[in-house]
Amino acid sequence: MSFQLTSAHSSRVTKSRRPKLDPLGLRRSSTGSPRRKSSQASPEKKKPASKEDEFFDEKLDDTGIIASLAADLNFRDVPIFLLYIQSRMFSDIPERASGMNGARIAEVLNYRLSLPPIVTLAHIHALSKSPTTTEREIAELTRAGVIRKIAIPNRGTGAAAVGEGLVLVSEWERLVQSHPRLDEEAKAKYISLLNSNPTSIAISGMEFTPNEASALTEAGFLTTASTSSSVSSLFARPGAGSLGTLASLATAGSKNASGSLAAVGGAQAQANISGGGSGRRTGSLALYNFSLPNTGVVLRLIVDARNHLLGMLKKTKYREAPRNVLHERWDGGIAGEAAQSRAKKARGEFTGVLPARTKKWRQLNGLRFEWILEECVGAGLVELFETHSVGVGVRAT
Amino acid sequence: MNAYLLTRSLGIDSAVAFERAQCTQLLHALHPSNVAFYAQAPQTSLGSEAYSHATGEPEYAHVAGVNAITIDKFEGRYLLSGGADSSIAIWDLENSSDGTELAYAPIGSVDRTSQQHKFGITQLCFYPFDSLAFLSSSYDHTVKIYSSETLEPSASFDLDSVVYTIALSPIASHLLVACATQHPAVRLVDLRSGASTHSLAGHNGAVLSVAWSPVHEHILASGSADGTVRFWDIRRSVGEIGALDMEDSVGILGHDGFGGGARHRDHGKAHSGIVNGIAWTEDGQHLVTTGHDERIRVWDTWTGANTLASFGPLIRNSHLSSVTPLLAPSNLVSSTKDVLLYPNELDILMYELFEGTLIKKLKRPARQPTSSTTNPAPGQRNPRNRVTGLVWRHHHIEFYSAHSDGSIGTWKPRTSEDALADEEEQENMENADAEGKQSTKRKREALEDIYQSLTKRQVTFGSSHESYR
């Protein structure tokens, strides 16, 4: 008589260790639409792991199937995407034991309200099933005047740059109308210009009187579009050398034809000479960009959050981590919803660090992990892959 | 596969559809293959792996890196490769050096020299009407014509600035070579008269890539460092027809077909950074451009509109040389499912051209590091080893890639049926070995018995003691 409940120990059936090859992608994974990589899926040899950093010392198994975030969203069109993304940006303030007093909570809530409703293009592409159809839809809706592109120049080119965002035109108009300090004429002119140029990002300075232009610039609805060629790509991926102004001037000599003005930095390089270059022209031919107030705050938030996430991944040996582990790290060392920690809280014992002390709340005002993960996937800074055992893994590219 | 055979035999699918389906399946099953190209023929009769173990180095075709690669379009037989040290080699793909199709040695080569090209080669292309001549351009400001048989230059044109790309029209009766150089004008070199005076002015920066239209013999497209892609008609005095604009998804014909609401055709940037790759589709309807803003854009050439195909965030492009995407022949796939292969730093990405979906990431198996490279820090990509060029072999479904670590990679289809067949073959070999061993063991035992019975005294038990009674 056997005392074993299952036949696991006595049965002779063994599964081969080698995973089956799947070059044609006929095997479907359960997370929505998988995309295939080249078909060699090989389990990595496990190195002997130290006890503390078990996850971070071994390379995660990579089955070669790329996990996609676009799994179950069947939204009708792009504006619903925009609203969905904006609504899921921040996590709710915990009701009790958040570590924040009333003043701090008010600060956080006011900060969230003051952010302009901009969603980056990379984020939408990360969530949509087919970026091409999304692009075509965006072009159509832009021409129709439903959404509008807002450009942030001088933040680098390339997939990792925060180059363009989308805003619903209705939101834009609402912000203009509700601004307390602008007079009605300026508002009306601005809105009419918005509607008459649905696809253009910039507008020439001739359309506004100088007073209106300065009032709108001060309010934040117009920014001067400086077309300087000194691009400092602050958003370059960590690991790639960050290009400062000097580096781009250094390559200007080889990238441009010798003898042309661009080879010595371009016509705008004179503006960067400290102490004043000769013959600088100022303004009546100024070009303005349409923008929203507090855009810089959003940008800073996105950049800080990206750097934080990539920093967490870089600390691991192979720059990859399972997704739920990364989620816990993002939330900080706070106590979860487990029964043990609830019991501890009820007893009044120390459970873990309070949320207010974590970087997520102190610096990033409660930004959600899923939101920043989608943002980074869309920008190409991280990629998601399926492992055999621990679910989805995140790797910094 | 069986479904296709059934419908073919029932006459539901035509032969063309069946062939196309089979070709598409092979195309999607492209896989790195272990064919190797050696600069010198391996002396030993062992295989290619044994050769590299013996010399301690992996195989390379050009020591300093392969910059340019091309295959003749008539037979798909001769492969030309140009190195970063001005060496050129020509390979015969139908005659491998050891007969097993695994290792190739050049049938002719020009070693590193300062007599012909002084610096590295940037581009090679065969003469469009036969493969007896080819043109090469180099960093030493010259374009040379070589004869393929003797590998001697017949003529040389000095253009006074670095030549990045050259292109010859495949259908033209004129013999104009369009040269993309550091100078902002596209230079046209006439091979008939030897003159290089015709130039097309209009760009504001170095021109990095040129491509002739495959259907019109007088239309040329060029991409430059100022981010614009311009079209030229060489018959006109001014030359420039227009430029592409990435914001424009309607085209110059406008909403109503008569130009309503259309943009100015002379302004516009195709990419936010340098444009360094241009490729036309075979029917001339679409143009694919790549740029330093890490985007691939597909344009409709009839209206100049951006088709807004989006290829995802995996693309990287940061080198000053031209990075031309490879378009697989469109007769292999059904009509809107053309395949684009993009050389992305270390690996090659296979995309569907019009929808932008990623089909496959083609990665090369890791090779032994050469003794001369410094090892990069773990996790960092090795910038020395990038894919510099891709070329398709005509009449076959395979392509070749040039790498800056000196090797030429081959990519051939390997379906799941091939993989199963290989596994079975290996199992059969192992079984045959085991059986062979068993049968020899039995034979040996039988021989041992016979020998023993002949030489030693027989010890029998039983009835022999009765004889002593």
Side-chain angles (χ1 to χ4, degrees), chain A residues 20-26 35-40 64 66 121-122 125-126 130-140 142-143 149 153 156-161 163 199-201 231 239-240 251 254-263 314 317-319 377-381 383 396-397, chain B residues 25 28-32 161 181-185 203-207 224-226 247 249-250 255 261 271-274 291-295 306-318 320 347 354-363 365 378-381 414-416 418-420:
Chain A
K20 299 227 177 64
L21 296 175
D22 179 33
L24 295 180
L26 295 170
R35 292 190 225 133
R36 277 182 300 124
K37 278 163 78 162
S38 131
S39 62
Q40 290 299 333
I66 302 177
L121 214 50
H125 285 323
S130 156
T132 307
T133 20
T134 314
E135 279 274 343
R136 290 178 183 156
E137 217 184 289
I138 289 174
E140 208 181 300
T142 312
R143 276 198 297 272
K149 276 196 185 167
T157 55
T199 50
S200 67
I201 297 175
V231 173
T251 54
S254 59
K255 280 185 180 163
N256 297 298
S258 71
S260 66
L261 197 54
K314 261 191 0 169
K317 189 168 175 192
Y318 292 102
R319 300 174 63 162
V377 166
L381 298 167
E383 62 175 0
T397 54
Chain B
Q25 190 194 23
H28 287 211
L30 280 171
H31 205 75
S161 50
T181 68
Q182 264 280 7
H183 192 268
H203 279 298
N204 289 325
V207 185
S224 88
D226 61 358
E247 311 275 339
S249 53
V250 174
H255 305 281
H271 284 268
S272 322
I274 295 177
H292 271 209
D293 60 350
E294 295 180 347
R295 302 266 185 272
N306 185 354
T307 59
L308 297 175
S310 163
F311 290 85
L314 290 175
I315 299 170
R316 303 277 172 258
N317 184 353
S318 56
L320 197 52
D347 36 4
F354 297 115
E355 288 302 314
T357 45
L358 178 69
I359 302 176
K360 240 185 162 176
K361 240 202 237 188
L362 296 166
K363 284 196 185 159
Q380 259 193 358
R381 66 176 206 278
R414 184 181 146 98
T415 55
S416 54
D418 290 339
L420 284 174

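Naming convention: chains lettered A, B, ... in sequence-line order (proteins, then strands); numbering from 1 in each chain. Bear in mind that the values here come from a model prediction, so they are computed numbers and not experimental data.
Between chain B and the options A/Thr133, A/Ile201, A/Thr132, the largest number of non-hydrogen pairs under 4.5 Å is found for A/Thr132.
Across every non-hydrogen atom of B/Pro313 and A/Ala379, the tightest pair is CB-C, 3.8 Å. Minimum heavy-atom separation, A/Ala139 to B/Ser249: CB-OG, 3.8 Å. Taking both residues in full, the closest heavy atoms of B/Ala309 and A/Arg136 are given as N-NH2, 4.3 Å, listed atom of the first, atom of the second, then distance. Of all heavy-atom pairs between A/Glu135 and B/Ser310, the closest is CG-CB, 3.9 Å.
Contact of B/Ser224 with chain A is not made at all, since no heavy-atom distance falls under 4.5 Å. Heavy-atom distances place no part of B/Phe311 under 4.5 Å from chain A, backbone and side chain included.
Here the CG atom belonging to B/Leu308 is positioned 9.0 Å from the CD1 atom belonging to A/Ile138, to the nearest 0.5 angstrom. The line from CD of B/Glu247 to NZ of A/Lys149 is 6.0 Å long, rounded to the nearest 0.5 Å.
Remark: A/Thr134 pairs with A/Ser128 by the side chain to side chain donor-acceptor pair (under 3.5 Å) rule, at least two apart or across chains.
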